[in-house]
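For reference, the structure is listed below as structure tokens.
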Number of protein chains: 2
Amino acid sequence: MNERSSVFPLIRETGRKNEAAILTAALDAFGENGFNGASMRDVATAAGTSLSNLYNYFPSKSHLLAELLRLANDEQLARVRTAVEAAGASPVARMHAAVTAFVGFVVDHTTASRVAISEIRYLSGVNRKEVVAARDSTQGIFEEIVASGVRSGDFRTPYPEDVVRSILSMCAAISTWYDPGGRLSKDALCDRHARYALALLEAGRL
Amino acid sequence: MNERSSVFPLIRETGRKNEAAILTAALDAFGENGFNGASMRDVATAAGTSLSNLYNYFPSKSHLLAELLRLANDEQLARVRTAVEAAGASPVARMHAAVTAFVGFVVDHTTASRVAISEIRYLSGVNRKEVVAARDSTQGIFEEIVASGVRSGDFRTPYPEDVVRSILSMCAAISTWYDPGGRLSKDALCDRHARYALALLEAGRL
DNA sequence: TCGCGACATGAACGAACGTTCTTCCGTGTT
DNA sequence: AACACGGAAGAACGTTCGTTCATGTCGCGA
């Protein structure tokens, strides 16, 4: 089961004949060579269609990138939100669930996560705002958990307003080195980073 | 004092009339638009010279990027090495010094750090190997400190082989959001991240 | 004075780029 | 039977790209 056939697939069939194939091809191309390094001809070839036909689906290369990033950030946000809601009231448990969901998405969709980090700067205007908003919502969930954990005394970090950024940076960076065939399984990675997050929050006995 | 006039400048005059200006212009251009998004014409204009003259200094656009990344990684490695050597024998003090030096470089050379992270993939062959080697050396310093701290009992992390990657990811990511006019000063950032690193290592009472 | 090498430039080359245009096919509706 | 429309493709447009070439200037050692 590769990263494009997860239980929660990032790119679904839409009813339009080639849309999913184009998005998948674009994700691979942007992940391989970067937004400016990949050409629409590359995308068309990988999608098994013609160059001009891409424009029957997406009005421009930028819109193609925007749609990919929108899908990725929305799915990641949804996963974190669902996991936290199901985790009960304890800040420690909620943080554990949030990190596990976040890292789980990164592992399931390594390429999409990498593209979302490194190519977002090539978006402009409304497209960028939407993606940033989804990312901020995800970050907001973490910040709420931290705030409640600080209030309850579970987290003793002296920098509650800043530590979330470090947690998310650390977890997002997994996409730059993760190897599906490597030493660490998905579960091990999630557990490990949950522990890292709680250590950063100075949650006491782990 | 901006990031190009640090006490340890990244780009020094070399005796060749325009070399420093070209490197500085290239760093800005690659930082602004990415390697593939910036053109040699952009670099020439910003350096105040002609397009064809660039090729009297660097044989190709790739070599230009390679030289920039080489300068950045070498300087960062030198800073960390020097700081750790001066820090005495205590693993806690050595780690504090290493993180402070690492983060100090990121803050002093935000653009170079960002470019080094996100554009290294456009290097190939020998150029890439050199840069990766310098980066691995830096990481090796951190790993040695962790190993000795685990032996001495100062660090109680159960994952000593993995936690360094998280520390460096977290610190390198500063380059993606740091604002020189923002709330956090360079010193505050260094202290904060040194504490984060020790927390990740589960160093006990901070 | 000569020649050589470093520095500099405008023009040009061939390739690749994102996008558009025109045309066509197939299918379902009126 | 006529039409509309989503899907598809080839050719082409105008632009920009990295790089090369031919040429020229300047200063310095022989």
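Chain letters run A, B, ... following the sequence lines, proteins first and then strands; every chain starts at 1.
No cation-pi contact links B/R79 to B/F105, judged by a cut-off of 6.0 Å to the six-membered ring centre and 45° from its axis.
Between A/H96 and A/A194 the shortest heavy-atom distance is CD2-CB, 3.4 Å.
Between the CD1 atom of B/I22 and the P atom of C/dT9 there is a distance of 10 Å, rounded to whole Å. In this structure, B/L54 atom CG and C/dG10 atom C1' are separated by 14 Å, rounded to whole Å.
Of the possible donor and acceptor atoms, one in the side chain of B/R114 sits under 3.5 Å from a partner among the backbone N and O of B/G31. Not a single donor-acceptor pair under 3.5 Å links the side chain of B/R70 to the backbone N or O of B/V131.
The shortest side-chain heavy-atom distance between B/I11 and B/L71 falls under the 4.5 Å cut-off.
Among the heavy atoms of the strands, none lies under 4.0 Å from B/A44. If you check every strand for non-hydrogen atoms under 4.0 Å, B/S50 touches a base.
Atoms CG and OG1, from A/N18 and A/T49 in turn, are 5.0 Å apart once rounded to the nearest 0.5 Å.
Protein chain B contacts DNA chain D over a range whose 5' and 3' limits, counting nucleotides with an atom under 4.0 angstrom from a non-hydrogen atom, are D/dC17 to D/dC21.
Regarding contacts with the backbone of C/dC7, a side-chain N or O of B/R16 is found under 4.0 angstrom from either OP1 or OP2.
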Could you run down the sub-3.5 Å N/O contacts of the protein with nucleotides 19-23 of chain C?
unit_1, atom_1, unit_2, atom_2, d
C/dT19, OP2, A/Y55, OH, 2.9
C/dT19, OP2, A/K61, N, 3.0

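No donor-acceptor contact under 3.5 angstrom links the side chains of B/T45 and B/D42, judged on distance only.
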Check the pair A/E202 / B/R195 against salt bridge (charged side-chain N to carboxylate O under 4.0 Å, His left out), numbers first and verdict last.
CA-CA 10 Å; A/E202 302 183 16; B/R195 185 181 182 117; 2.8 Å; yes
